[in-house]
There are 2 protein chains.
Amino acid sequence: MSDIDKIDRKILAVLQADGRIANVELAEKVGLSPTSIGERLKRLQRDGYIEGYGARLNPQMLGLGLLVFVEVLLDKTTPDVFERFARAVRLAPEVLECHMVAGGFDYLVKARVADMSAYRRFLGESLLALPGVRESRTYAVMEEVKRDAPLPVG
Amino acid sequence: MSDIDKIDRKILAVLQADGRIANVELAEKVGLSPTSIGERLKRLQRDGYIEGYGARLNPQMLGLGLLVFVEVLLDKTTPDVFERFARAVRLAPEVLECHMVAGGFDYLVKARVADMSAYRRFLGESLLALPGVRESRTYAVMEEVKRDAPLPVG
DNA sequence: GAATTTTACCTTAGATAATCCGGAAATGAT
DNA sequence: ATCATTTCCGGATTATCTAAGGTAAAATTC
């Protein structure tokens, strides 16, 4: 599975916490020269361990104060519904995540909007407007207990 | 609410897509000098729009091939259950997100584990072992249609 | 088991980028 | 219109990245 050693894991852990850290500083933290770090970084990126880097923004500050999860059931008699639903969801900017799940429903959608009225609009005009959507259950988040934790690499 | 202008939004959009971009390159993209970009960045960070930077890792490559969502119901007769549950969840490395929701259940947990047997262990030893957990429903993800989309800043 | 290749690492030096400072231009308020 | 504030830029300094060359250890081959 993984041919990465302890140093690689340390690098990944540090980079998850601070993706913009300078190479020299990262080198100090893991006890290697900046050059070696650079080579390891390039390898980790080439082999697909690191997919990219991103800024973590504060949703509240950007007027996206409401986080919602929506369970969606599709009408499986219509053909193409899954593909069409997936395509539409990828285009909707409010949708941060969408997963096809095994269990009582078909898709679990995670979306961020400004407030409840914005959500009503999104639900009616984006989600339920799609053909083949048979049922939906909305769960509004009251408190985010844990948000976007780093992957355990240790 | 937001006193950030179009240039700030552009900066945030670019940084979400590539958090490790060089300042000079970012400056070219938004049509400003690197010095000004630096000042804006510092302000965006100080005011809390940018909470940090992180590397995006590939869960599969790290042996975390299974993504699950768990709906958890708590026994509200026991005191402190919410606080204790929240504390435990924050400490569990498998749990990437946990939200208290309004609706048919109390908490929605998002977790990544190696496989089903690892999940069984996590569910039994970490989640259900907590006092006050009355019921849980697990939904295993079969396909990740949309993953970690950037926040709409436009 | 010895020779060879490969790999990982370090140091150095030259290129590149970030930061600090002073001043100019734009913006806004009185 | 004037003053104050903010935003921006250019140049100098400092820090960082990157590429080249060299060494040692490990893996591979014979």
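In the text below, chain A, chain B and the rest are named by the order of the sequence lines, each starting its count at 1.
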Original post:
So, does the side chain of T35(B) form a donor-acceptor pair with the base of dT19(C) at under 3.5 Å?
Top reply: no
Original post:
Can you tell which of dT16(D), dC10(C), dC9(D) lies closest to the side chain of L32(A)?
Top reply: dC10(C)
Original post:
If you measure from NZ on K29(B) to CG on D18(B), what distance do you get to the nearest 0.5 Å?
Top reply: 7.5 Å
Original post:
Among dT7(D), dA17(C), dC17(D), which is the nearest nucleotide to the side chain of R40(B)?
Top reply: dT7(D)
Original post:
Donor-acceptor pair, R56(B) side chain versus E51(A) backbone, under 3.5 Å?
Top reply: no
Subject >> Gap between atoms CG and C1', on N23(B) and dC8(D) respectively (whole Å) >> reply: 15 Å
Original post:
Can V113(B) be reached from V70(B) by stepping across I, L, V, M, F, W or Y side chains whose heavy atoms are under 4.5 Å apart?
Top reply: yes
Subject >> Nucleotide dA15(D), atom P - distance to CD1 of I21(A) in whole Å >> reply: 17 Å
Subject >> Atom pair distance, as rounded to whole Å: CD1 in I37(B) and C1' in dA18(C) >> reply: 13 Å
**OP:** Find the distance D5(B):CG to dG28(C):C1' and express it as a whole number of Å.
**Re:** 16 Å
Original post:
dC9(D), dT16(D), dC10(C): which one has an atom nearest the side-chain heavy atoms of S33(B)?
Top reply: dC9(D)
Original post:
Does a side-chain N or O from S36(B) land closer than 4.0 Å to OP1 or OP2 of dC9(D), or not?
Top reply: yes
**OP:** Supply the atom-to-atom distance L91(A) CG to E94(A) CD, rounded to the nearest 0.5 angstrom.
**Re:** 11.0 Å
Subject >> Gap between atoms CG and C1', on L26(A) and dT16(D) respectively (whole Å) >> reply: 13 Å
Subject >> d(CZ, R43(A); P, dT18(D)) in whole Å >> reply: 17 Å
Original post:
Which residue, E25(A) or E39(A), contacts DNA chain D at a nucleotide closer to its 5' end, judged by nearest heavy atom?
Top reply: E25(A)
Subject >> Of the listed nucleotides dA18(C), dC20(C), dT12(C), the one nearest the side chain of K42(B) >> reply: dC20(C)
